[in-house]
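Working notes for the structure below.
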Number of protein chains: 4
Amino acid sequence: MAISKNQHLKMQEKRDRILEKAISLFSEQGYNDTTISKVAKASGISFGSVFTYFPSKEDLFHSAVIEPIEEINSIMLDFNPEAEDSLNELKIMVNSHINLFAKLSTYLQLVVQVIGQHSRFKDQFDELNFFHNEFCSKLALLLEKGQKKGQIRESDPIFAASAYFSLLMGLRLTMTDEIDEKFWGNFAPFALQLFGPISYTKSISRLAKPKAAYSNR
Amino acid sequence: MAISKNQHLKMQEKRDRILEKAISLFSEQGYNDTTISKVAKASGISFGSVFTYFPSKEDLFHSAVIEPIEEINSIMLDFNPEAEDSLNELKIMVNSHINLFAKLSTYLQLVVQVIGQHSRFKDQFDELNFFHNEFCSKLALLLEKGQKKGQIRESDPIFAASAYFSLLMGLRLTMTDEIDEKFWGNFAPFALQLFGPISYTKSISRLAKPKAAYSNR
Amino acid sequence: MAISKNQHLKMQEKRDRILEKAISLFSEQGYNDTTISKVAKASGISFGSVFTYFPSKEDLFHSAVIEPIEEINSIMLDFNPEAEDSLNELKIMVNSHINLFAKLSTYLQLVVQVIGQHSRFKDQFDELNFFHNEFCSKLALLLEKGQKKGQIRESDPIFAASAYFSLLMGLRLTMTDEIDEKFWGNFAPFALQLFGPISYTKSISRLAKPKAAYSNR
Amino acid sequence: MAISKNQHLKMQEKRDRILEKAISLFSEQGYNDTTISKVAKASGISFGSVFTYFPSKEDLFHSAVIEPIEEINSIMLDFNPEAEDSLNELKIMVNSHINLFAKLSTYLQLVVQVIGQHSRFKDQFDELNFFHNEFCSKLALLLEKGQKKGQIRESDPIFAASAYFSLLMGLRLTMTDEIDEKFWGNFAPFALQLFGPISYTKSISRLAKPKAAYSNR
DNA sequence: GATGAATGAGGCTTCATTCAT
DNA sequence: CATGAATGAAGCCTCATTCAT
C-alpha cells in the first residue's frame, strides 16, 4: 500500500516534469519543432515513457495549454466585483495581473500561439476563450459598479474589459526580453487609465514615472 | 521586347499570387503546417514552380513576413509629430491605426506568430522590431509635445507609445473573428484614453458607446 | 542482462548486414544511384531503420569506405621489411596481395570510385591516402634492403613502391569480370618484375605461363 | 551559303565548348552531381540550349566519354608491332604513353569512373573495352616479336600487355595531384620493366633516378 | 535556334507511434 | 512500467525534360 502510494507519487512527479518541459519547449519552439524526443531528453526520461503519461503528442500539447489555466484563472478572477471602492479594487487587481503576466512569460507565450492560430488549435482555443469570456464578464460587473458610483467614466464595460485584457496580452506579446517585474510595473498606470478613472486624474503623472529605464529593444 | 515585358508581368503576378496565398496559409496554419504543396495548390500552380519564385520555404516565409511591412509602416508612421493640435493629431492617428488593424487581420496574425516565437523566427522578428522601435520613437515625440502643451497628462512617452502599440497588437490577437471595421472603431476611444487626454475627459462617454453589439466570441 | 546482450548482438548483425549490402550497392551503382531504399530492401529491413544504424546516407557511405580498411591494411602491411631474404619476402608479399585483390573485388571497386573522385569524397580519400603512404613507406624499406644486398636492381624505392601499388589498383580496375584467383595469380610475376629482381631473371618465363586462359573480356 | 557555313561553325564551336566543360564536370563531380545547369553555366550558354546539341543528359555523358577516344587511341596505337628493334620501339611507346597519361588527367578520370562502374555505364564501358582489347592485341604482337628476338624475356604477351595497361591506369588513378610530366617520366622505366627487357638490365638504375622529388602526398 | 519558366518524379530525412523485450 | 528499435507517411528540395515565346 505504502509502496504503491510512493510509486504513484513518483509517477505524478514524472508527469509533472514532462509537462513542465513540454510547456517550455512548445512555447519556445512551437508545436512541430517540439519533438517527443526533445521533451523526453529535457525531462530526463526515456523516449517511450512519454507515451506512458500522455497518449499522444496532441494530448501532451492539450495538457500543456489547458492544465495551467485553472490556477492562473483563479488569480485573474481574484477580485471582488461588489467592492465598495471600485477604483481601489481595480488598482489592486491591475497590479496583481501585471505581476502575474510578468512572471508567466513562458506559459503565456504558449497561449499567444494558440490564440494566434486558433483555427489550428481549435479545442485549446475554445477553452481559453471560455475563460476569457468569464473574466470579461466579471470585470464588467466591477466596472459597471464603478461607473455608477462615478469613480470611473462611462463606457461600455464589456468593451473596456476586453480592451484591458487585450492590453495585457499585447504587453506580454511585445515584451519579449527577459524583463523584470519592476519594469512591468510601469505599465500598471496605463492599464488602469483604460478604465477612465476620475479621481485618478492627477496621480497618473506620479505613478507613470518609470521605475526602470526603457532599455532600447 | 513587348513579349518579354508581358512575360515579366505575368511572372510578377504569379509571384504575388503565391505570396498572397502563402501569407494566408502561414497565418492560419503556421509555418510547419503550411506545406509548399498547399501553397502551390492554393496558387493554382505546380509544386515545383513555387521554387522558381522562392528558393526555399524559409525564403517564402521571410518574404511573406517582410514584404508587406513597408506599406503598413508608411500608414503607421503617417502622422505629424510636430502638429500644433497634438490631441487632434492623435485622434486621427488612432482612427487610422484602428482601421488598418481591422483590415489586416490575416497578415497581422502572421506578425503575431513571429513575435510570439521570436527565437524561432529571429531574422523576421529583428526586422519587425526595428519598425516597432521607429514607431515608438516617433509617437513619443508627438506625445511629448502634447504633454508640454497640456493637452495630455504627463507620463513617460516611450512607455505610453509602447503600451499603445501593445494594445493594438493585443486587440488584433484577441479579436479572432472576422469582425468588421465598425466594431473595431469602438476601441478607438480606449486606445486614445491610454495617452491621458485632458480636454477629452467628457467626450469619452459619448464615443465609447458601442456601434455594434459585442458578438459572443 | 542476457536479453540485452542478445539484443545487442542482433543489432550488430543487422548493422553488419546493412553495411555489407551498402558496400555492394555503392560499389556497383555508385553513390547517387544507390538509394537508401535500395539498401533497405537489400538488407531486408524497413526504409527508416537504416537511419537507426547510420545517421545519414553520407555516414553510411563513409562507414562503407572506411571500416574495411583496417583489416585490409593489416594484410597489406603483413611483411617484414627487415627480412634477410628480401626477394623471397617480396615474392610472398606479392602473392598475398594478389590473393587479397582477387578476393576483394567489390570493396576495391568502391575504393577506386573514391580515388577516382577524390575531390568529391575528400574525407574518405584522405583516410585512404594515409594508408597508401604508410604502405609505400614500409615497402620502400624492404626494397632498400634488397637493393643493398644486390637482390634487386637499384631504383628509387618510393617510386617503385608507388608503381607497384598502382599496378595492383590498375589490375583491380581493369579486371572487371568475376575472375578467379588462379587467373589473378598470373599477374604476380609481372608485379614482382617491377622491383627488378636479379636472381629472378630466368624464372619469369616459367612462372609467367598462364594458368588460365585469358577470357575474352 | 557563307552565312550558313558561318552559322554551322559557330554551332560546332558551341557544341565543342559544351562537351569540353561536360568532360571537366563529369570527371570531377561524377554523373549525378553534374547537372545540365552547371554545364550550361560553365559553357556560358543558356540552360535550354544544351538540349539543342545533346538530346539528353545521358547522351551528353556518352559523347563526353566516347568522342575523345579516337584521338587518344590513335596515340596509344602509334607504334609499329613489326619494328626491327622491338625494345627500342617499346621504349619510345612507353614514353609516349606516359606523356599522354600525364596530360589527360581530366578525361582519364572520367574513364576511370566508367570502368569503376561498368555495370552502370555499360554502353560506354563496352566501347572502352573494345579499344582496350585492340590495344592489348597489337602490343602483344610487338612483345611476341621482341621475345622471339631475345630482346625481352618470355612471358604471355597478352598478360604482359594487360598488366602494362593496368599499370598506366593505376598510375593515373593514384597520381591525383596536379603532377607535371617530368614527374610522370620517372615511372617510364618501371613500365618498361614489366616487359622484362634483357639488354635493359643495367640501365634501369640510371633511368630510375627521380627527376623530381616524390612530394609527400 | 535560344531561352528559361513549368512540371513532377524521386531522393533524403524527420518523427509520431507501435511493440517486443 | 521503462526502454528504444522498427516502421512508413509526409515534407522539402533537386533536376531532367518539355515547351511556349
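Residue numbers start from 1 in every chain, and the chains themselves are labelled A, B, ... in the order their sequence lines are given, proteins ahead of strands.
E:dT18 atom P lies 11 Å from atom CZ of A:F47, rounded to whole Å. Atom pair A:N32:CG and E:dT17:P shows a separation of 12 Å (rounding to whole Å applied). Put simply, CZ on D:F51 is 13 Å from P on F:dC19, counting in whole angstrom units. Spacing between atom CD of A:E13 and atom C1' of F:dC1 amounts to 16 Å, rounded to whole angstrom units. Per the geometry, CD belonging to B:Q12 stands 13 Å off P belonging to E:dA5, to the nearest Å. Counting to the nearest Å, the P atom of F:dT14 and the CD atom of D:Q29 are 15 Å from each other. Distance CG (B:D33) to P (E:dC15): 14 Å, rounded to an integer number of Å. In this structure, D:I36 atom CD1 and F:dT18 atom C1' are separated by 13 Å, rounded to whole Å.
Residue A:K21 qualifies as open at atom NZ: its count of foreign heavy atoms under 6.0 Å is 12 or below. With a 6.0 Å radius and a threshold of 12 heavy atoms from other residues, nucleotides or ligands, B:K38 has its NZ atom above the threshold.
Heavy atoms of C:K14 sit under 4.0 angstrom from primed sugar atoms or phosphate atoms, though from no base atom. When heavy atoms are screened at a 4.0 angstrom cut-off, B:T35 is found touching the sugar-phosphate backbone but no base atom. Residue C:Y53 is in sugar-phosphate contact alone, with no base atom involved, counting any heavy-atom pair closer than 4.0 Å across all strands shown.
Between D:E67 and D:R15, at least one side-chain nitrogen of the basic residue sits less than 4.0 Å from a carboxylate oxygen of the acidic one, meeting the salt-bridge criterion.
Checking F:dA16 for Watson-Crick or G-U wobble geometry (two distances, each under 3.5 Å) identifies E:dT7 as its partner.
Counting heavy atoms from C-beta on, the side chains of D:Y31 and C:N32 never come closer than 4.5 Å.
One finds a side-chain N or O of D:S49 lying less than 4.0 angstrom from the OP1 or OP2 phosphate oxygen of E:dT3. Side-chain nitrogen and oxygen atoms of C:T52 include none within less than 4.0 Å of the OP1 or OP2 phosphate oxygen of F:dA5. An OP1 or OP2 oxygen of E:dA2 is reached within less than 4.0 angstrom by no side-chain nitrogen or oxygen of D:S46.
The distance between the ring centers of A:F121 and A:F61 falls below 6.0 angstrom.
The C:K57 side chain lies nearest to E:dT13 when the options are E:dA5, E:dT13, F:dA5.
Where C:G48 and D:I45 each meet DNA chain E at their nearest nucleotide, the meeting point lying more 5' is that of D:I45. In terms of position on DNA chain F, the residue among B:K10 and B:Y31 whose nearest nucleotide sits closer to the 5' end is B:Y31. Map D:S37 and B:S56 each onto its nearest nucleotide of DNA chain F; the residue landing nearer the 5' end is B:S56.
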